[in-house]
Amino acid sequence: MIPYENLKTLNHPFEEQLKNKFALFLDKGWYILGAEVALFEREFADYHQEKYVVGVANGLDALILSLQCCGFKRGDEVIVPSNTYIATILSIIHCGLVPVLVEPDSSTYNIDPKAILQSLTEKTVAIMVVHLYGQCCEMDPIMEIAVHHQLKVIEDCAQAHGAKYKNKLAGTFGDFGAFSFYPTKNLGALGDAGAIICKSETDYLKLKQLRNYGSEKKYHNGVIGYNSRLDELQASFLRIKLPHLDEINRHKRKLASVYNAYLNDSFIKPREDTDFYSVYHIYNILHPERDKLKHYLLENNIVTEIHYPVAPQDQPALKGYLTGYDYPISAKIHQRTLSLPCSFIHTEDEIFHVIEILNKF
Ligand SMILES: *Cc1c(COP(=O)(O)O)cnc(C)c1O
């Protein structure tokens with residue numbers, strides 16, 4: 001059996017270090033916003049050659065707090081891709097803003113910069129891009145639009161830790177880079193966790209306030225805040241794994257390159273382009289008989305996933321919240337996409353086996 005992912009196996013190489021960290025944590029007895037959170041923020045900032053990082057509770061909150069930091073008015077519009085995980089769109093709705101869905105480019109699956117222009121109105125205040133599957137969006141034209149129209153840019157980097165566009169890291173293009181460290185992500189905690197990269201000291205101080213009840217000083221609350229602190233224990237675990245992020249990404253890229261080289265042409269493979277350093281959070285293919293293919297692989301003891309089976313526009317929760325109805329490119333991707341095993345736990349031999357089975361379909 002080749003699993004899609006196995007979190008216990010994934011974290012096995014770090015077990016001794018994790019146990020030692022937990023022993024220190026117990027010994028110290030400091031549970032909330034301690035030295036480990038501050039050190040992880042510093043180290044995650046250094047990794048990105050940035051100055052400001054604020055640790056938060058999870059990826060959804062990283063998006064919500066970034067939007068709240070901008071101080072938009074109720075009813076303002078935020079551009080967001082139609083082809084994304086629902087969390088991106090939920091963050092906009094939770095802030096009383098209007099998500100304006102924009103179709104992806106059918107070869108990258110990421111938001112189509114040309115389509116953004118057609119969706120701008122006087123109410124547009126921000127573009128929330130998603131670097132889906134670990135591949136960066138085309139940030140040059142997107143930043144050009146944002147600068148020209150004075151829009152804020154928030155990057156959903158939940159699937160793109162260490163991904164690059166023209167040699168620049170995901171999360172360092174816009175005003176805010178929002179990360180999730182959900183256990184399955186390329187940099188995964190052993191529970192929920194998230195972080196935000198921001199560009200100014202003003203935003204940095206405001207985000208620190210927002211994550212902690214709006215308080216800048218204990219029991220003094222300047223703004224309507226949240227309880228969304230990065231957990232001290234998760235921060236200490238993330239500090240163990242961060243130095244291995246590049247190694248994890250290189251491994252996933254190696255597996256992806258094997259798929260790209262040997263899978264036959266009946267499957268549509270991710271586009272490779274020298275401008276993009278993809279970290280393959282998800283290695284997906286497109287196939288017109290996706291469900292049959294998934295079933296066939298399972299019969300051959302290969303577990304796959306679908307990211308995602310239901311498009312945002314078809315989610316009952318979003319009824320009444322979207323300004324349009326018809327997103328054919330996103331719909332077509334959702335009908336055909338299949339995610340293949342491509343984890344740090346997999347060996348090249350396992351990938352060759354998956355390819356052999358796939359090529360016989
Ligand atoms: C995982 C994910 C999120 C949400 O992260 P959580 O930590 O689970 O809140 C947001 N956006 C995308 C694209 C994701 O993949």
Side-chain angles (χ1 to χ4, degrees), residues 4-5 7 10 40 44 53-68 78-95 99 101-102 104 108-111 126-137 153-163 170-171 173-174 176-197 207 210-211 226-231 233-235 237-238 241 249 252 278-284 305-313 315 317-318 330 333-334 337 339 342-343:
Y4 181 75
E5 180 60 281
L7 294 174
L10 183 68
F40 174 71
F44 199 62
V53 166
V54 177
V56 296
N58 54 62
L60 174 61
D61 281 3
L63 295 166
I64 291 176
L65 268 58
S66 298
L67 285 170
Q68 290 293 10
V78 178
I79 300 283
V80 65
S82 52
N83 186 44
T84 185
Y85 179 56
I86 196 168
T88 325
I89 298 166
L90 291 181
S91 72
I92 299 167
I93 293 170
H94 278 303
C95 292
L101 271 56
V102 168
T108 64
Y109 316 132
N110 275 329
I111 196 162
I127 305 173
M128 189 173 258
V129 297
V130 183
H131 308 302
L132 201 70
Y133 303 153
Q135 167 126 311
C136 283
C137 298
V153 173
I154 298 148
E155 302 174 60
D156 181 340
C157 304
Q159 304 189 358
H161 318 71
F173 293 90
F176 302 92
F179 289 83
S180 162
F181 307 116
Y182 183 81
T184 59
K185 309 291 189 188
N186 286 29
L187 179 58
L190 277 69
D192 279 310
I196 307 166
I197 294 176
L207 288 170
L210 282 169
R211 77 168 170 192
Y226 297 78
N227 175 356
S228 183
R229 301 171 291 230
L230 170 57
D231 186 74
L233 185 60
Q234 295 307 331
F237 291 162
L238 286 166
K241 292 185 73 179
N249 286 344
K252 287 167 76 79
S278 171
V279 295
Y280 292 99
H281 169 60
I282 286 164
Y283 182 90
N284 83 313
E305 294 279 346
I306 296 171
H307 299 94
Y308 296 91
V310 182
Q313 67 263 24
Q315 295 287 2
L318 295 184
S330 171
I333 294 169
H334 280 82
T337 191
S339 310
C342 185
S343 163

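Sequence positions, counted from 1, serve as the residue numbers for this chain. Whatever order the structure lists ligands and atoms in, that order sets their numbers, starting from 1.
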Any nitrogen or oxygen of Y85 lying under 3.5 Å from a nitrogen or oxygen in ligand 1? Just yes or no.
no

Would the distance check show the side chain of N110 and the main-chain N or O of Q135 forming a donor-acceptor pair, the cut-off being under 3.5 Å?
yes

H281 near ligand 1, heavy-atom distance under 4.0 Å?
no

So if I count the atoms of ligand 1 from 1 in the order they appear, which ones are less than 4.0 Å from some heavy atom of A87?
3 (C), 4 (C), 10 (C)

Measure from the side-chain N and O atoms of E155 to the backbone N and O of G171, and report whether any donor-acceptor pair falls under 3.5 Å.
yes

Give yes or no for whether the N/O distance cutoff of 3.5 Å, strictly under, is met between D192 and ligand 1.
no

Any donor-acceptor N or O pair under 3.5 Å, side chains Y226, Q68
yes

Heavy-atom count check: over 12 atoms from other residues, nucleotides or ligands less than 6.0 Å from Y85 OH?
no

Nearest protein heavy atom to atom 9 (O) of ligand 1, by residue and atom, and its distance?
L60 N, 2.9 Å

Take F176 and L207 through the test side-chain contact (heavy atoms from CB on, under 4.5 Å) and record every step on the way to the result.
CA-CA 11 Å; F176 302 92; L207 288 170; 4.0 Å; yes

What protein heavy atom is closest to atom 8 (O) of ligand 1, reported as residue, atom name and distance in Å?
Y182 CD1, 3.9 Å

Are any of the N/O atoms on T84, whether in the backbone or the side chain, positioned under 3.5 angstrom from an N/O atom of ligand 1?
no

Look at the side chain of N249 and the backbone N and O of H161, then say whether any donor-acceptor pair between them is shorter than 3.5 Å.
yes

Do side-chain atoms of K252 reach the backbone of C342 as a donor and acceptor pair under 3.5 angstrom?
yes

Nearest heavy atom to atom 3 (C) of ligand 1: which of A189, G59, A158 does it belong to?
A158

among protein heavy atoms, the one nearest atom 14 (C) of ligand 1 is K185 NZ, 3.1 Å

Under 4.0 Å from ligand 1, counting heavy atoms only, is it the side chain of D156, its backbone, both or neither?
side chain

